[in-house]
Every structure is written in C-alpha cells, then in structure tokens.
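Positions are given from 1, in the same order as the sequence printed here.
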Amino acid sequence: KFIQSALKNEDITIYGDGKQTRTFCYINDNLEVTLKALETNAFINEVINIGNDKLTTIEELAAIIIRLANSSSKIVRLPPLKEGDMTRRQPDITTMLAFLGRSLTPLEEGLKIVIKKYK
C-alpha cells in the first residue's frame, strides 16, 4: 500500500506516532527457505520462524519508500488503532539463517526490486 501510494504521489498514512517496529523479509528469501524446507523435509513437526530480525519503524519504512520511489508523497499520521497496534515484532531467525546458509536481502534492495516491478 505504501509503495502504490508513493508511486502515485499520494499521502502515506500511518497510525499513531509511527514508532511501532516490524521486520520485513524479501519474498524471494521467504520462498527460498520455505521451499528448501519442504523439499528436504528438514523440519518435520518442528516450528521455525521465517522472516527477518532487522527492526524498522513504520515511519522509517514510509520515508525509505518515498525516497526510493522519488515521490512527493507526504506522511500523514492518523490516530492509533482503537484495538491497539503491536509496538514491536522481532522473530528469532537463527535456525532459518543457518538453514538458508546466506544472509538475507537488505530492506532497501528488496524495496527497489518491488518498486521497479510496480512502475
């Protein structure tokens, strides 16, 4: 949604102060580890976290997307969600990284690829 808005130079809305954090995993990284686990039966009856462990605030994400899209979008803050919004999400991906055997795609690199596909 942020990318689509930025490419149209529309406002990007965030809830609350934008300091809530998330971790973003490039889809190809997610698919690679998921398919490798499926094809090798590596985690039968086990649970592993698949994602990223690098924290990014929602406000930072919006600003990065605006910059990478060369957009004139503005960040507009809305009141916090009534039911609340998790302030922090950060999985332990130690097992995933060991299994994958390589580092993850950096956020900006992944965003550049996605933005290019939307243009």
Can you name the closest pair of heavy atoms from Ile75 and Ala62 and give their distance? CD1-CB, 3.8 Å
So how far is it from Ile3 CD1 to Ser73 OG, rounded to the nearest 0.5 Å? 11.5 Å
Could you pull out all residues at least two apart from Glu109 that satisfy salt bridge (charged side-chain N to carboxylate O under 4.0 Å, His left out)? none
Contacts of Glu108 meeting side chain to side chain contact (heavy atoms under 4.5 Å, CB included) (sequence neighbours excluded), chain-then-number -> Ile64, Arg67, Leu68
How many angstroms lie between CG in Leu61 and OG1 in Thr56, if you round to the nearest 0.5 Å? 7.0 Å
Listed partners of Lys119 passing side chain to side chain contact (heavy atoms under 4.5 Å, CB included), at least two apart: Leu7, Ile115
Minimal non-hydrogen separation, Thr105 against Gly110, with atom names: CG2-N, 3.8 Å
Leu78: what forms a side chain to side chain contact (heavy atoms under 4.5 Å, CB included) with it, not counting sequence neighbours? Thr13, Tyr15
Listed partners of Ser5 passing side chain to side chain donor-acceptor pair (under 3.5 Å), at least two apart: none
Sorted by first residue and then second, give each side-chain hydrogen bond (donor to acceptor under 3.5 Å, both in side chains) pair with at least one member in residues 43-55; sequence neighbours left out. none
With sequence neighbours excluded, what pairs up with Thr23 under the side chain to side chain donor-acceptor pair (under 3.5 Å) test? none
How would you list all residue pairs meeting ring pair (Phe, Tyr, Trp, His ring centres under 6.0 Å) that involve residues 51-81, not counting sequence neighbours? none
Hits for side chain to side chain donor-acceptor pair (under 3.5 Å) against Thr40, two or more places apart or cross-chain, chain-then-number order -> none
With Ile113 via side chain to side chain contact (heavy atoms under 4.5 Å, CB included) - residues at least two apart: Tyr26, Lys117
Using the side chain to side chain contact (heavy atoms under 4.5 Å, CB included) rule, pick out the option among Ile58, Leu111, Ile66 that qualifies with Phe2. Ile58
Return each pair, listed once, that meets salt bridge (Lys or Arg N to Asp or Glu O under 4.0 Å) where at least one residue sits in residues 7-19; pairs must be two or more places apart or across chains. Lys19-Glu59
Quiz: residues 31-38 side-chain donor-acceptor pairs under 3.5 angstrom, not counting sequence neighbours:
{"unit_1": "Glu32", "atom_1": "OE1", "unit_2": "Arg102", "atom_2": "NE", "d": "3.3"}
{"unit_1": "Glu32", "atom_1": "OE1", "unit_2": "Arg102", "atom_2": "NH2", "d": "2.7"}
{"unit_1": "Thr34", "atom_1": "OG1", "unit_2": "Asn30", "atom_2": "O", "d": "2.8"}
{"unit_1": "Thr34", "atom_1": "OG1", "unit_2": "Asn30", "atom_2": "OD1", "d": "3.2"}
{"unit_1": "Lys36", "atom_1": "NZ", "unit_2": "Phe99", "atom_2": "O", "d": "2.7"}

From Ser71 OG over to Ile12 CD1, what is the distance, rounded to the nearest 0.5 angstrom? 6.0 Å
Donor-acceptor pair, side chain of Gln20 and main chain of Gly18, under 3.5 angstrom: yes
